[in-house]
Amino acid sequence: MVKASPWEALLERGKAEEKRGRLDEAERAYRAALRANPDFASLEREFARFLESRGRFAQAEAHLRRALERGWPRAEGEAALARLRAKSSVPALIADGRFQEAAAALAGAPASEAADAAWPEVFSALLCRGRYGEAFRLGDAMLERSARTPLANSFLWPWWRSVPSRASAKKTRFCARELARVDAARAGGGHPGWFAYCRGVLLLGLGRDGEAMVEHARIMRLRAPRYALMHHPFVMHLLLAGRFERTIALCRALLAGAPDYWWLQCRMAEAIMARGDVPGGLREFERAAAGASGERARRAVTTWHGAALLWAGRYRAALKKLDEGAALGTKIWVNCWRGAARLKLGNIRGAMSDLDAAIAADPQDLEAYVWRGEARRLAGRHAQALRDLDRALALDPKYAWACVNRALARGALGDEKGFAADFARVPADLLAAARGPRSERALLETALVRAKGVRRPERYLDALWMRRTRG
């Protein structure tokens, strides 16, 4: 009887441990076999198969390439690599609902725009399934490569695959249920920063702001450059509440540790503008643009800066900046805001083209519906305007600017009852700030003029025109 060589014995042990489900032990045996016989192509192929089965596609590909170097027939090896690349495509794994495999593929893949775009979706899906450890390990792996995620909004509400972030009874039930699951998982220990982040977001969703800020205090102890995105929900909470000084102070504290974090700098710029210092806020946008590193950051900051100029009523400068954003390849919001700038400059046809494109790209873009409803109303197409404004209010029943525009459209169509109903829904502080003539219609028109380019559903930006501002 021929005695097996050491590498053969180790290979058989690896296969046996794998069959029993003892995967860590199997991996150790496979690696030991490779050390014992590093030039054997079949060993590299066997280990690549094992890694592929665990969703570690980038590592599997590396071992398949080594098998080619060690004599694996070229045609067969290239075909195997092609099959692996197709199987390891993250979009394909996500489409199949294979989120654990997608997470493993992302964690092992080289840094790229595609990987940065995909991982928040996988992170979210893992959270929704209660796979917290896997989600947090993926988050750590991705943030190790880049603390400048271009998908900042994903981290305002990380369960976006399951429940919409807007306030609703469904969201309240989800937050209560998910908080109990998170607390149960947290009891097992590990990942304290990530658990604090999840608890904080859920507590904010339940209106338990004091408890949420206790969790935020725990996040403040983490290393800022790597975990800066965890602060996004808390920055937005302060901003939406109109607590501009606290927003600015928090952003400044975080920027001291992450000085080129563009999302924080742009939110701080918004708070400075809303506080009453328009020139100061615009200067912060310019600083953010000067420090933006990489194409994605430049696209985001350029487009955001264009929106800020729109809010300030500097429409030609806004249009120029938004054209720059579009030329850089911006896909999100640029068409909506560029359409708004064109509308304010009197180019209704150009505005409609941009706003049509914005809604085609994102049928949930509430602001684009409001701007297109306003453009159609100004063009005398009141029935079409109503359809857009109805859509915006179906998505957000408290959208003030949708109420203003729909009241005017209904009034133009002779629907006095509808006009009165929408006028009653317009917030009293918005009407008071308009300070217009006594006619209700004239008051709404005055509000639209005085608000300049502000039509956001979030009310904090109304401070830009409701108070006296410098500039």
Side-chain angles (χ1 to χ4, degrees), residues 239-240 242 244 269-282 285 304-319 321-322 336-348 351 355 366-379 382 385 388-389 392-393 396 398-412 419-420 422-471:
L239 192 56
L240 290 168
F244 302 127
E270 286 188 344
I272 290 170
M273 291 178 71
R275 182 183 62 179
D277 183 4
V278 170
L282 292 175
F285 276 110
W304 207 334
H305 190 186
L309 290 164
L310 171 69
W311 303 330
R314 303 182 185 181
Y315 306 125
R316 293 194 184 281
L319 184 57
K321 191 63 67 176
L322 291 163
C336 172
W337 292 328
R338 189 168 63 177
R342 285 181 168 153
L343 180 62
K344 284 294 188 177
L345 289 168
N347 181 1
I348 293 181
L355 294 166
L366 276 70
E367 189 178 358
Y369 283 110
V370 169
W371 278 115
R372 193 170 73 173
E374 187 167 328
R376 285 174 163 172
R377 181 179 61 78
L378 291 172
H382 301 295
D388 281 336
L389 299 165
L393 285 165
D396 183 354
K398 295 183 178 180
Y399 199 154
W401 295 112
C403 291
V404 169
N405 270 295
R406 193 170 72 171
L408 290 167
R410 282 176 160 176
F419 173 88
D422 278 335
F423 185 87
R425 295 172 67 180
V426 177
D429 62 338
L430 189 152
L431 294 172
R435 300 188 300 279
R438 292 189 177 183
S439 159
E440 291 179 341
R441 287 174 176 77
L443 191 61
L444 296 181
E445 293 282 9
T446 300
L448 289 168
V449 172
R450 289 192 172 171
K452 300 178 181 176
V454 174
R455 297 293 187 274
R456 296 291 298 152
E458 303 89 357
R459 293 291 316 280
Y460 69 94
L461 284 175
D462 288 327
L464 276 164
W465 66 277
M466 284 185 171
R467 66 173 78 206
R468 291 172 179 248
T469 60
R470 300 199 299 278

Asks: Closest heavy-atom contact between Ala312 and Val278?
Replies: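 Minimum heavy-atom separation between Ala312 and Val278: CB-CG1, 3.8 Å.
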Asks: Quick one: closest heavy-atom pair of Ala400 and Arg459, and the distance?
Replies: CB-CD, 4.2 Å
Asks: Regarding Glu440 and Arg410, does a basic nitrogen lie under 4.0 Å from an acidic carboxylate oxygen?
Replies: no
Asks: Considering only heavy atoms from C-beta outward, does the side chain of Cys403 approach that of Lys398 to under 4.5 Å?
Replies: no
Asks: Specify the closest pair of heavy atoms between Tyr399 and Leu366, including all atoms of both residues, with the distance to one decimal.
Replies: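 Scanning both residues completely, I find the closest heavy atoms to be CE1-CB, 3.6 Å.
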Asks: Tell me the closest heavy-atom pair linking Ala385 and Gly373, and the distance in Å.
Replies: CB-O, 3.2 Å
Asks: Do you see a donor-acceptor pair shorter than 3.5 Å between the side chains of Glu270 and Trp311?
Replies: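 No, Trp311 and Glu270 have no side-chain donor paired with an acceptor closer than 3.5 Å.
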Asks: Hey, does the side chain of Lys344 reach the backbone of Lys452 with a donor-acceptor pair shorter than 3.5 angstrom?
Replies: yes
Asks: Let me confirm one number: the CG-CG distance from Leu448 to Leu408, rounded to the nearest 0.5 Å.
Replies: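 Reported value, rounded in 0.5 Å steps: 6.5 Å.
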Asks: Enter the distance from Leu310:CG to Leu319:CG here, rounded to the nearest 0.5 Å.
Replies: 10.0 Å
Asks: With rounding to the nearest 0.5 Å, note down the distance linking CG in Asp388 to CZ in Arg406.
Replies: 12.0 Å
Asks: Quick one, Arg376 with Ile348, criterion side-chain contact (heavy atoms from CB on, under 4.5 Å). Give me CA distance, side-chain angles, the key distance, then yes/no.
Replies: CA-CA 8 Å; Arg376 285 174 163 172; Ile348 293 181; over 6 Å; no
Asks: Can you find a pair of side-chain heavy atoms, one from Asp396 and one from Tyr369, that are under 4.5 Å apart?
Replies: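 Not touching, per the 4.5 Å side-chain cut-off.
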Asks: Are side-chain heavy atoms of Val404 and Glu445 found at a separation under 4.5 Å?
Replies: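 A side-chain contact under 4.5 Å is absent here.
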Asks: Work out which heavy atom in Thr446 is nearest to a heavy atom in Ala434; give both atom names and the distance.
Replies: CG2-O, 3.4 Å
Asks: Report the C-alpha separation of Trp371 and Asn405 in whole Å, then their side-chain angles, then the decisive distance to 0.1 Å, and conclude whether the side-chain contact (heavy atoms from CB on, under 4.5 Å) test is met.
Replies: CA-CA 9 Å; Trp371 278 115; Asn405 270 295; over 6 Å; no
Asks: For the residue pair Ala274 and Tyr460, what are the closest heavy atoms and their distance?
Replies: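 Between these two residues, the closest heavy atoms are CB-O, 4.0 Å.
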Asks: Take Arg342 and Leu355 through the side-chain contact (heavy atoms from CB on, under 4.5 Å) test and state the conclusion after the steps.
Replies: CA-CA 10 Å; Arg342 285 181 168 153; Leu355 294 166; over 6 Å; no
Asks: Which value, rounded to the nearest 0.5 Å, describes the distance between Ile272 atom CD1 and Leu282 atom CG?
Replies: 10.0 Å
Asks: Working to the nearest 0.5 Å, report the span between CG of Asp429 and CE of Met466.
Replies: 4.0 Å
Asks: CG/Leu444 to CG/Leu431 distance, rounded to the nearest 0.5 angstrom?
Replies: 6.5 Å
Asks: With side chains defined as the heavy atoms from C-beta onward, is the minimum distance between Leu443 and Phe423 less than 4.5 Å?
Replies: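 They are in side-chain contact.
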Asks: Output yes when Arg456 and Asp462 qualify as a salt bridge under the 4.0 Å nitrogen-oxygen rule, no when they do not.
Replies: no
Asks: Flag this pair as yes if the NZ/CZ of Arg455 is under 6.0 angstrom from the six-membered ring centre of Trp401 and inside a 45 degree cone about the axis; otherwise no.
Replies: yes
